[in-house]
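Reading through the structure tokens given below for one structure.
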Amino acid sequence: MGKALIIGAGGVSNVVVHKCCQNPDVFEEICLASRTKAKCDAIVASLPETKTKVTTAQVDADNTQEVVDLIRSFQPDIVINVALPYQDLTIMDACLETGVDYLDTANYEPPDVPKFEYKWQWAYREKFKKAGITALLGSGFDPGVTGVFSAYAQKHYFDEIHTIDILDANAGDHGYSFATNFNPEINIREITANGRYFKDGHWVETEPLEIKKVYDFPQIGEKDIYLLYHEELESLSQNIKGIKQIRFWMTFSQKYLTHLNVLQNVGMTSIEPIEFEGKQIAPIHFLKAVLPDPASLGPRTKGKTNIGCIFQGRKDGKPQTYYVYNICDHEEAYREVGSQAISYTTGVPAMIGAMLMLQGTWKKPGVYNVEEFDPDPFMDALNKHGLPWHESFEPTLLD
Ligand code: NDP
């Protein structure tokens, strides 16, 4: 059916490539390109036999012209961006110049300002519309599936959704004292930023990890959860009409937080460059270099993730509550594609988003977040491609 250019060769990319190759009728040809070509070659070498034709290439995606040249030579139908959020705009520019559809899993962030905002990418709406191409933003799990869950709840179970609580639990254990499950820089920037949630039409700001609760997760048990700002809150607060409150919660163990506190107290999480032996270096880049590579956690991680959304609102004049969630097992994910569940739960929805775009099911010129499309085909695909979901109409509530 089509050709995909996949940019980035980290943990998420490994899953996307494996899952695309499991669907060779849709992904007939793939070019996997990244800054370090050897990492692309290693992913390809790990693939089981597939009918999909796979090639690799080197590209610096900070350089729009390099991406344009690669697109012109490979001629893909879609570019799947699973590099870092810093590359979103340069890759979107290249897609505009060549007239190719675009998908990513995380919103643009300027490297020197830890700010998760869609404004830079939403500014491309008119340009994509005029060019007749689609950009699908945030097609991972959160953002991604959480937006699809929200659109599904809205479509099938609610006349009005009043509150959404997004709960992201990871009960995986990799045996290291401290490691992050995905890119350490992005992960630490997210956690050390102020918390924020949407209430009654405005944003309420908190200190980092100031609000804590305990939640008893299906199949995982009781966990400490902390309120964080997360990028899908911005799009959902606009796309779920009449919403009064949206909060995002993530689990962290005491051990993880103690390590993070120490690293922060000694300045290791700072993005401000310092001079070291005649070189400018951001401490967080050095920290990333000494921490375990998230891609290496796969074979060591045991346990499960549980990510989902609890909705409260009204249906047919009555109060309604709905909880929809996925449980993903780290070891099963590793057995299937050689990555732990965090990369798996991001890579599968990226493949599904790309599949729906290639099939023409999710395609309209412009720049869209996932909740702006019909959720049903995506929900069906989650069940088929490794992320089945469960639902409950009487969940335990947070308050
Ligand atoms: P990794 O750090 O493992 O991989 C990133 C890859 O991008 C690396 O291969 C890196 O190359 C490559 N890269 C970085 N800069 C460039 C560049 N200028 N040009 C070309 N390639 C480049 O990250 P993950 O796989 O963990 O995450 C990938 C994306 O997924 C991130 O944007 C992350 O924020 C997002 N994500 C989204 C989630 C969701 O649920 N929505 C959850 C988890 C992650 P090199 O190896 O040479 O450094």
Side-chain angles (χ1 to χ4, degrees), residues 5-18 31-43 56-67 70 79-91 94 103-109 111 114 116 121 136-149 166 168 170 179-191 228 230-233 235 248 250 284-285 288-289 291-298 305 307-308 326 328 337-353 369-370 387:
L5 170 62
I6 301 172
I7 302 184
V12 174
S13 169
N14 177 57
V15 179
V16 176
V17 175
H18 275 80
C31 175
L32 173 59
S34 190
R35 190 161 52 183
T36 316
K37 184 172 174 288
K39 292 195 182 174
C40 305
D41 294 331
I43 291 177
T56 61
Q58 198 277 330
V59 72
D60 177 0
D62 288 325
N63 182 327
T64 298
Q65 193 54 47
E66 281 195 27
V67 183
L70 181 58
V79 175
I80 302 175
N81 168 17
V82 278
L84 296 178
Y86 314 131
Q87 282 82 50
D88 288 2
L89 300 187
T90 44
I91 298 176
L103 175 150
D104 67 29
T105 65
N107 70 12
Y108 175 71
E109 249 186 285
F116 302 92
Q121 292 182 276
L136 180 63
L137 306 184
S139 189
F141 206 106
D142 43 346
V145 177
T146 51
V148 175
F149 283 170
I166 302 170
D168 179 333
N170 179 11
T180 61
N181 289 300
F182 64 97
N183 185 283
E185 183 179 340
I186 307 295
N187 190 209
I188 290 172
R189 278 165 69 130
E190 186 172 84
I191 300 164
L228 294 186
H230 222 242
E231 59 197 60
E232 65 264 50
L233 302 190
S235 66
F248 182 94
M250 196 177 261
I284 198 163
H285 289 160
K288 176 177 187 264
L291 286 177
D293 178 355
S296 72
L297 301 178
T305 61
I307 319 176
N326 162 261
C328 187
V337 297
S339 285
Q340 32 80 350
I342 307 296
S343 301
Y344 192 87
T345 53
T346 309
V348 172
M351 181 282 287
I352 293 174
N369 294 85
V370 287
L387 294 176

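First listed ligand is number 1; within each ligand, the first listed atom is number 1. These numbers come from a predicted model, not from an experiment.
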Per-ligand residue contacts, ligand 1, heavy-atom threshold under 4.0 Å: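 Protein residues near ligand 1 are Gly8, Ala9, Gly10, Gly11, Val12, Ser34, Arg35, Thr36, Lys39, Val59, Asp60, Ala61, Asp62, Val82, Ala83, Leu84, Pro85, Gln87, Thr105, Ala106, Gly140, Phe141, Asp142, Pro143, Phe182, Asn183, Ile186, Thr346.
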Could you tell me whether the side chains of Asp88 and Asn81 share a donor-acceptor contact shorter than 3.5 Å? yes
Can you say whether the rings of Phe248 and His230 are parallel (under 30°), tilted (30 to 60°) or perpendicular (over 60°)? parallel
Return yes if some donor-acceptor pair links the side-chain N/O of [X] with the main-chain N/O of [Y] below 3.5 Å, else return no.
{"X": "Ser13", "Y": "Gly8", "value": "yes"}
{"X": "Gln121", "Y": "Tyr108", "value": "yes"}
{"X": "Thr146", "Y": "Pro143", "value": "no"}

By side chain to side chain contact (heavy atoms under 4.5 Å, CB included), which residues pair with Val12, not counting sequence neighbours?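 With neighbours one apart ignored, the set is Val16, Val82, Thr346.
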